[in-house]
Amino acid sequence: MPDKRANGGQVLVLNCGSSSLKFALIDPRNGNASLSGLGDSLGHSAPSVSWKIDGEKHSAALPEGAKHTEVIEFVVTNILSGGGILRADIAAIGHRVVHGGEKFSHSVLINEQVISAIQDCVALAPLHNPAHLQGIEAATKAFPGLPQVAVFDTAFHQTMPRQAYIYALPYELYEEHGIRRYGMHGTSHRFVSERAADLLGKAKADVNIISAHLGNGASIAAIQAGKSVDTSMGLTPLEGLVMGTRCGDVDPGLLLHLGVRLDYCMKEINDLLNKKSGLLGISQLSNDCRALEQAAAEGHQGAQLALEIFCYRLAKYIASYHGVLSHVDALVFTGGIGENSAYIRENVLNRLIGLGYRVDETRNLEMRFGAEGAIEPPSGTTSTPKVLVIPTNEEWVIARDAAQIIASGNSAASGQPAGGS
Ligand code: AMP
């Protein structure tokens, strides 16, 4: 068993969902995870925890009714001590928090004021923020005195200008209820855009990037000189691209039509748009891109149509972000689909030939399953925009932010909610 103390200063990264808790012990210097795992079915029947430590997989049942607190207790008493990891090896806890509203434009050290600000944002993320608060409370009990840092999905997009985030609705809805576009996946867009600048050999302030995070949830961001200036998700993660089960952009008149003409209630509309639409809804088969690619190749027309619409809508967003940015240094693909689907990338790029995009088939096939690099033809043949595949690593960003905040003791990052955008 390797001596974990040799890696002192690790960060325990927690990502609490409504019925799940992902955890990982990350070395902030290089992103290596000595431990990663998932508590699943929390608050439901047959809750369980599975984890991987030093490459070995394990799993265990949790008591009926177990929630986030029980997972964290299990991590402390069974996994960490069983794996020879001491509390002293953990320098901080980093929490992924979905919604920080306009209160947070950076990661912050968690204190009472921050907890109450996360609470204030519950209306904007009713499924996620309460789960994050439970995770913070459980971690405070399990690790008394250990610094905890909150890293917000929305923070990176707080640099968007008003023209990008204000809806064309009565302005008082923004002023009184915070109804505006916030964007999500900010931690991923930030990570891959910074990595893209590294790969281009430039400072992040010197590059403009279009970042496409394509997973079961999907969003795209226009990043100018290291700052998000537009993104496809809005008040909620429903806006924008076609996703696994979410519809993305629709005519808002659809909601009236469903409610008034077709007699749908609010819950049915919510389920329809969030859980039954997207790739699943169109294909009537699956939300899983890999399964749809297979079915489409075998002639399934619903799968073919779903993938066609997914690529068409994504290509339209990419083209529109060329209008947002003065120039584009690179287009980046990330997320489960972006990192692995050569088919989707080729299909999208072939729709953007008018903007100069080209794809190199061999490179495109090579850049899968964790590989990182360019997929446009080698330079010299044509002057095409750079297209990069970059595996995202949100846990590493969370660990880095946590380590940086506790090392600096910086007041701007020490629990003062930021002043908005
Ligand atoms: P994520 O939410 O980032 O984990 O991404 C999940 C999505 O990535 C699912 O739609 C998967 O089908 C898709 N995905 C993962 N691997 C592949 C692959 N090799 N080819 C196509 N899609 C993939």
Side-chain angles (χ1 to χ4, degrees), residues 13 15 17-24 31 33 36-38 40 50 52 96 98 127-128 153 184-192 195 211-221 231-233 237-238 240-248 274-298 300 302-311 313-314 332-350 359 361 363-373 375 388-398:
V13 174
N15 180 354
S18 52
S19 61
S20 69
L21 192 166
K22 282 192 204 154
F23 52 91
S36 61
L38 171 73
D40 212 1
S50 55
K52 196 164 125 184
R96 177 206 176 205
V98 163
L127 294 180
H128 287 97
D153 267 20
M184 279 91 201
H185 289 148
T187 314
S188 175
H189 289 302
R190 182 179 138 205
F191 177 82
V192 298
R195 184 74 195 125
S211 155
H213 177 110
L214 311 175
N216 201 31
S219 73
I220 180 164
T231 192
S232 56
M233 284 180 171
L238 197 51
L241 302 173
V242 174
M243 305 179 217
T245 60
R246 298 188 198 123
C247 58
N274 276 297
K275 298 184 185 158
K276 297 182 180 167
S277 295
L279 294 175
L280 173 67
I282 304 167
S283 69
Q284 300 284 290
L285 180 69
S286 172
N287 63 318
D288 187 287
C289 183
R290 203 171 359 189
L292 292 179
E293 284 182 28
Q294 171 93 32
E298 289 162 3
H300 189 288
Q304 289 168 354
L305 181 62
L307 295 175
E308 200 178 316
I309 296 172
F310 181 93
C311 294
R313 293 260 295 267
L314 174 57
V332 178
F333 285 101
T334 193
I337 298 172
E339 291 167 28
N340 297 303
S341 176
Y343 169 85
I344 295 283
R345 296 186 308 230
E346 181 172 348
N347 188 318
V348 169
L349 293 171
N350 282 341
V359 60
E361 271 181 44
R363 284 176 153 196
N364 192 27
L365 286 171
E366 281 167 4
M367 292 307 148
R368 292 186 294 164
F369 317 130
E372 177 186 79
I375 59 169
L388 301 170
V389 175
I390 301 181
T392 195
N393 195 335
E394 288 155 289
E395 285 85 8
W396 190 9
V397 177
I398 294 171

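Both ligands and their constituent atoms are indexed starting at 1 by order of listing. Computation of the quantities below employed the complete heavy-atom set of this structure, encompassing side-chain atoms and omitting hydrogens, waters and symmetry-equivalent molecules. Just so you know, residue 1 is the first one in the sequence shown, and it goes up from there. Computed from a predicted structure; not experimentally measured.
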*What residue and atom, counting heavy atoms only, is the protein's closest point to atom 14 (N) of ligand 1, and at what distance?*
Gly336 O, 3.6 Å
*Phe369 heavy atom under 4.0 Å from ligand 1*: yes
*Does an N or O anywhere in Arg290 fall below 3.5 Å from an N or O of ligand 1?*
yes
*asked:* I'd like to check whether Cys289 has a polar contact with ligand 1, where a contact means an N/O of the residue lying under 3.5 Å from an N/O of the ligand.
replied: yes
*asked:* Whether Lys22 and Glu395 form a salt bridge (side-chain N of Lys/Arg under 4.0 Å from carboxylate O of Asp/Glu) is what I want to check.
replied: no
*Would you say Asp288 has any N or O atom under 3.5 Å from an N or O of ligand 1, going by distance alone?*
yes
*Using distance alone, decide if ligand 1 has a nitrogen or oxygen within less than 3.5 Å of any nitrogen or oxygen in His213.*
no
*Any N/O pair Gly335/ligand 1 closer than 3.5 Å*: no
*For the pair His213 and His189, name the ring-plane relationship: parallel under 30°, tilted 30 to 60°, perpendicular over 60°.*
perpendicular
*Could you check atom 19 (N) of ligand 1 against the protein and tell me its nearest heavy-atom contact, residue, atom and distance included?*
Asn340 CB, 3.5 Å
*Any protein heavy atom nearer than 4.0 Å to atom 4 (O) of ligand 1*: no
*asked:* Checking a contact table here: which protein heavy atom is nearest atom 2 (O) of ligand 1, and how many Å away?
replied: Asn216 N, 2.9 Å
